[in-house]
Structures are given as structure tokens and as C-alpha cells.
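A short write-up of the structure that comes next.
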Amino acid sequence: LAAGLTGYYAFEASRTLLVNAAKDKLLTSTLVLARRLALSREETERDLGLVTEHPAALALLQGHATAVQTRALEDLMSLVLQVQPAYFQVRLIDAAQHGMERVRVDRGTQGPLVVPDEDLQEKGHFDYVSETLKLGPNQTYISRVAINHERGAHIGVDKPSLQLARPVVDAQGKTWGV
């Protein structure tokens with residue numbers, strides 16, 4: 001009886017120690033993951049700021065961009081895709097014209113692809129456009145994670161993805177695009 005009780009208490013003590021250790025490891029993993037997600041969001045917001053605050057983005061949306069400015073914006077968007085392997089697309093969407101894309105760079109199998117003007121699409125009906133247009137300067141829209149069913153040149157089709165977007169705002173506070 002004494003040996004049985006000793007074994008039972010040893011079992012309970014060991015089980016409690018193992019459960020507590022597992023809880024600690026799970027908590028640590030959760031905190032690390034939360035920090036990693038926060039850092040990833042901050043990095044993406046910086047990338048969004050880089051594109052939305054580029055002078056060529058506003059000039060293109062206002063309709064007075066030169067070919068050199070448009071090319072510079074396309075190059076910038078291509079570079080963002082090159083250094084951020086998690087991104088599938090970078091786009092500039094006009095607030096006017098039913099949310100028409102003005103520039104889109106997709107990640108293709110061979111690297112970034114600038115989408116020709118005739119293949120650009122209207123995106124005004126998507127939440128990430130309409131909701132972002134309601135935001136103030138330097139605010140970021142984050143969608144829910146969903147399976148990407150959009151067809152096109154990018155490699156993100158049928159993969160889980162989310163959209164992050166920021167409004168393109170002029171010095172007077174008018175929103176010109178996303």
C-alpha cells in the first residue's frame with residue numbers, strides 16, 4: 001500500500017511538472033509568434049509607406065506623371081517584390097475610375113512582372129479598396145486571411161493570403177488612391 005501511494009504521488013507530481021513545462025513552452029512559442037507577426041506587419045507597413053509616399057505614385061494618380069516617373073514607380077514596386085518573398089503583388093489603384101489599377105507588379109515564376117496597361121483591372125468593388133479609401137494618412141487596412149482566387153500572372157493563386165493597403169494622400173489630405 002505504501003509503495004502504491006508513493007508511486008501515485010510521484011506520478012501526479014511528475015504529471016504536474018510536465019503539464020506546467022508544456023504550458024510554459026506553449027506560452028513562449030505564442031509570444032515569439034506574436035512578436036514575429038507584429039514585426040512582419042511593421043515591415044509591410046514601411047513598404048506600403050515607401051510606395052504610397054513616392055512622388056510618382058501621387059503624380060500618376062493625379063494624371064500628370066511622366067513616363068520616367070511611371071517607370072521609376074514600376075521599378076520601385078519590382079524591387080519591393082524582389083526583397084520581400086512573401087509578397088505576391090504590389091499595386092497602385094486609382095480612387096477614381098471605379099478603382100482602376102494604374103500599376104500592378106506581380107510575382108511570376110521568373111521574378112517580378114510589370115502587368116501591361118491592357119491587363120489592368122478594376123478593383124473598386126473589393127473591401128480592401130473601399131475600406132482603405134476611408135482611412136486617414138499613414139493608416140493601414142488589413143484584410144482577413146482568405147484563399148486567393150484571383151487569376152493573373154502572379155503565383156499566389158489558390159494560396160492563403162491577405163491584403164494590406166494604405167491610402168495615397170496629397171498634402172491637403174485628399175485621398176487619390178490605394
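All values derive from a computational prediction rather than experimental measurement.
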Looking at [atom1] of [X] and [atom2] of [Y], how far apart are the two atoms once the value is rounded to the nearest 0.5 Å?
X    : Y    : atom1 : atom2 : value
L113 : D119 : CG    : CG    : 11.0 Å
L33  : S29  : CG    : OG    : 8.5 Å
R107 : Q84  : CZ    : CD    : 8.5 Å
Q89  : L81  : CD    : CG    : 8.5 Å
R104 : M77  : CZ    : CE    : 10.5 Å
T70  : L60  : OG1   : CG    : 4.5 Å

Minimum heavy-atom separation for [X] to [Y], with atom names?
X    : Y    : result
L133 : A95  : CD2-CB, 3.7 Å
M100 : L120 : CE-O, 3.5 Å
T52  : V168 : O-CG1, 3.7 Å
V51  : A57  : O-CB, 3.5 Å
G124 : S130 : O-CB, 4.2 Å
P85  : V83  : CD-O, 3.4 Å

Given side chains that start at C-beta, do those of Q62 and D170 come closer than 4.5 Å, heavy atoms only?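 Q62 reaches D170 side chain to side chain.
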
With heavy-atom distances below 4.5 Å as the criterion, would you say the side chains of E53 and N138 are in contact?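 Yes, side chains in contact.
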
Steps toward side chain to side chain contact (heavy atoms under 4.5 Å, CB included) verdict (S78, V114): CA-CA 8 Å; S78 295; V114 176; 4.0 Å; yes

Using salt bridge (charged side-chain N to carboxylate O under 4.0 Å, His left out) as the criterion, list what pairs up with R102, not counting sequence neighbours.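 Counting only residues at least two positions away or on another chain, R102 forms a salt bridge (charged side-chain N to carboxylate O under 4.0 Å, His left out) with D94.
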
Same cluster or not: [X] versus [Y], using hydrophobic residues (I, L, V, M, F, W, Y) connected whenever any side-chain heavy atoms lie under 4.5 Å apart?
X    : Y    : answer
L48  : L135 : no
V105 : F88  : no
L58  : V80  : yes
L79  : L92  : no

Quick one, V178 with Y141, criterion side chain to side chain contact (heavy atoms under 4.5 Å, CB included). Give me CA distance, side-chain angles, the key distance, then yes/no. CA-CA 10 Å; V178 174; Y141 169 83; over 6 Å; no

Determine the interplanar angle of the F11 and Y8 rings, folded into 0 to 90°, and report it as parallel if under 30°, tilted if 30 to 60°, perpendicular if over 60°.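 Rings of F11 and Y8: tilted, 30 to 60°.
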
Can you check whether A2's main-chain N or O pairs, donor with acceptor, with T6's side chain at less than 3.5 Å?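 Answer holds: yes.
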
Run F126 and I93 through side chain to side chain contact (heavy atoms under 4.5 Å, CB included) and show every step you take. CA-CA 11 Å; F126 286 105; I93 300 171; over 6 Å; no

R46 vs E43, test: salt bridge (charged side-chain N to carboxylate O under 4.0 Å, His left out). Steps then yes/no. CA-CA 5 Å; R46 283 192 300 273; E43 186 175 359; 5.1 Å; no

So which pairs with a foot in residues 3-15 pass salt bridge (Lys or Arg N to Asp or Glu O under 4.0 Å), sequence neighbours left out?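 Listed by first then second residue: E12-R15.
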
For E118, does the CD atom have more than 12 heavy-atom neighbours from other residues, nucleotides or ligands under 6.0 Å away?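 Counting other residues, nucleotides and ligands, CD of E118 exceeds 12 neighbours.
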
Given T140, which partner from the list E42, R41, R166 fulfils the side chain to side chain donor-acceptor pair (under 3.5 Å) test?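 With T140 as partner, side chain to side chain donor-acceptor pair (under 3.5 Å) holds for just one option, R166.
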
